[in-house]
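Single-structure report; data block below.
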Amino acid sequence: MTKISFFNGLKEIGGTFVAIETENTKCMFDFGFAVAGRMDAKIRKRKDDFAVDYIRLGMLTPADGIYDKYTAEKTGLVPYGELDKECFFVISHMHIDHMGGLGCLHPDIPVYMSTDSLKLYRQLAKNGDVEHREHPNCIGVDYGAEFTVGDITVKCVPVDHDVIGACGFLITTPDGNVCYTGDYRFHGFHPSYSEEFGKTCHGADVVITEGVTASFEDIDMLSLEKPAEPDRTEEGLQAELEAVSKTDSGLIVVNPYNRNVERVHRMINTFKNSGRTLVLDPVQADYVAAFYPEDEIAVYEQTYKEACEDGTKVSADKPRICREGIPSGWKLISRAELIENFSEYALQLDYADMYELTDLKDVVSRYIHMDGAPLGAYDPSFAKMKEFLEVCGIAYDFKGLGGHAKPYYLRTMLDTIEPKTLIPLHSFRPEQVNTAKAGTRILPEYGDVYELKDGVVTKL
């Protein structure tokens, strides 16, 4: 018998945790933080009880067979290695709400992800951009490849999303198969990935899908017609940036999401084509160079010094390039150079470095927010960012795209798959996600367990 259990991320955006369990194997996905709003950076983390505290607060799932003995005993769980079955994780992509909890797992539990996701994860860890600690037992899987643990076989299938390495999975058990979409869209650099994903999973017994964009307004998904105006795309965004670069006379400041590495890689060339050099903070530069070593990298000297504390206190928790130094061939661009030749540059600046604008404001023509932090009005820092720019007299421009398919395209994916059973989650309103081409639809509650037998799902 195969069981599908639903723990977290059902009626919220983030924290998805589903377990697919046979007699001798347990496959789980994903492992970000649920109810992440309960996290507060002002509260000191207890090193030994990091996972314990997050489990008790509901931010991590209290599941058997995944934590170390200390954590398991304090939370009433069975530790890793003491279940009578093999346990492993698959992670769809490197967004915090899908992978932020990896450092809380027992270090020996296998965690599978795409090869590109693994490369990004290792870079995140080297730059101190992971929670708690780096998980050591991660295994990269090439797109289109399969692996088997016990009696469960998993195929890694790429999707188009706003982070490099994103994928979904086709999970095959002795009693049927389950397609997990992860997060996806059709307006990125690789819409064909999402199109092919749907075809690969066509006829799946079960599809477990995200439904982020169905969260915010009333939708009758079955009656939606294709939008008359196509979505803005990543390719179109590059054209918008090139136009701005040519018409603006001042320094352009951009704030992209730093894990959208391909976007930043394209921006380097877009600005170059319009006569500007894109200057990066050192961590963003490190991410780009890991995937695109051929790129000409320029780093802002001031944020490099800030990240490394002027090189005087370099320790293991500092970004990799602080410990190892600026790679040969990278250019350091000073503040004085930006001010003197402002029309020749664009500057990538994280929100954490906003105070740098007090020295640059007289030469900045606009600040372009491109899905970087703060992510939206729900974040208290968003209003502070807008006020800061107003005080500095800097024009604000939003050119974000988002990483999720609009409702019509969610349905397009599901129409293509034509699953026997549809299970939407990862949405504030999963009940709005639907397709006429599914045999049935299930809206699980937290803690629900279903049986999959001969491709048919029934509640236990």
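Keep in mind that this is a model prediction, so the values were computed, not measured.
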### Query
Of all residues at least two apart in sequence or in a different chain, which pass the side chain to side chain contact (heavy atoms under 4.5 Å, CB included) check with Ser194?
Val159, Asp160, Tyr184, Phe186, Met413

### Task
Would you please name every residue forming a side chain to side chain contact (heavy atoms under 4.5 Å, CB included) with Ala438, sequence neighbours left out?
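Residues passing side chain to side chain contact (heavy atoms under 4.5 Å, CB included) with Ala438: Pro419, Leu422, Thr435.
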
What pairs of residues pass the salt bridge (charged side-chain N to carboxylate O under 4.0 Å, His left out) test when at least one of them lies in [range], not counting sequence neighbours?
| range | value |
| --- | --- |
| residues 105-123 | Arg122-Glu134 |
| residues 447-460 | Asp448-Lys459 |
| residues 413-427 | Asp205-Lys420, Arg411-Asp415 |
| residues 206-223 | Asp218-Arg429 |

So, [X] versus [Y]: side-chain donor-acceptor pair below 3.5 Å or not?
| X | Y | result |
| --- | --- | --- |
| Asn255 | Gln348 | no |
| Asn260 | Asp371 | no |
| Thr22 | Thr2 | no |
| Asn273 | Glu242 | no |

May I ask you to say whether [X] pairs ionically with [Y], meaning some side-chain N is under 4.0 Å from a carboxylate O?
| X | Y | answer |
| --- | --- | --- |
| Glu73 | Lys69 | yes |
| Glu387 | Lys384 | no |
| Arg263 | Glu234 | yes |
| Lys85 | Glu23 | no |
| Glu431 | Arg441 | no |

### Query
Under 6.0 Å between the ring centres of His265 and Tyr292?
yes

What do you reckon, is [atom1] of [X] surrounded by more than 12 foreign heavy atoms closer than 6.0 Å?
| X | atom1 | value |
| --- | --- | --- |
| Lys399 | NZ | yes |
| Ile96 | CD1 | no |
| Lys74 | NZ | yes |

### Chi angles and distances behind the side-chain hydrogen bond (donor to acceptor under 3.5 Å, both in side chains) call for Tyr70, Asp49
CA-CA 9 Å; Tyr70 173 82; Asp49 289 285; 2.9 Å; yes

How would you list, by chain and number, every residue that makes a ring-ring contact (aromatic ring centres under 6.0 Å, His included) with [X], sequence neighbours excluded?
| X | value |
| --- | --- |
| His202 | none |
| Phe189 | none |
| His161 | His93, His95, His404 |
| Tyr351 | none |

### Query
Sequence neighbours excluded, which residues qualify as salt bridge (Lys or Arg N to Asp or Glu O under 4.0 Å) partners of Lys437?
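Lys437 satisfies salt bridge (Lys or Arg N to Asp or Glu O under 4.0 Å) with no other residue.
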
How about [X] and [Y]: do any of their side-chain heavy atoms sit closer than 4.5 Å?
| X | Y | result |
| --- | --- | --- |
| Pro430 | Lys11 | yes |
| Val111 | Asn137 | no |
| Val212 | Phe428 | no |
| Thr416 | Leu414 | no |

### Message
Using the rule given for side-chain hydrogen bond (donor to acceptor under 3.5 Å, both in side chains), can you reason through Thr303 versus Asp353, listing the C-alpha separation, both sets of side-chain angles and the distance that settles it, and then say yes or no?
### Response
CA-CA 7 Å; Thr303 50; Asp353 296 308; 5.3 Å; no

### Query
If you round to the nearest 0.5 Å, how far is OH of Tyr446 from CG of Leu425?
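Interatomic distance, Leu425 CG to Tyr446 OH, rounded to 0.5 Å: 9.0 Å.
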
### Query
Hey, what do you get for OG1 (Thr16) to CG (Asn8), rounding to the nearest 0.5 Å?
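Separation between the atoms: 8.5 Å.
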
### Query
Cationic tip of Lys386 within the cone over Tyr396's six-membered ring, i.e. under 6.0 Å and within 45° of the normal?
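Yes - Lys386 lies over the ring of Tyr396, closer than 6.0 Å to its centre and within 45° of its axis.
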
### Message
Applying ring-ring contact (aromatic ring centres under 6.0 Å, His included) as the test, list every pair that has at least one member in residues 36-56; sequence neighbours left out.
### Response
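Listed by first then second residue: Phe33-Tyr54, Phe50-Tyr54, Phe50-His132.
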
### Query
Side chain of Arg185, backbone of Gly402: donor and acceptor closer than 3.5 Å?
yes

### Message
Looking at Ala125, is its backbone amide N or carbonyl O close enough to the side chain of Asp129 to form a donor-acceptor pair, meaning the two atoms are under 3.5 Å apart?
### Response
no

### Task
Please name the pair of heavy atoms, one in Ala405 and one in Thr213, separated by the smallest distance, quoted to 0.1 Å.
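Of all heavy-atom pairs spanning Ala405 and Thr213, the closest is O-OG1, 2.6 Å.
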
## Note on the structure
All heavy atoms of Ala214 vs all of Ser427, minimum pair found to be C-OG, 4.2 Å

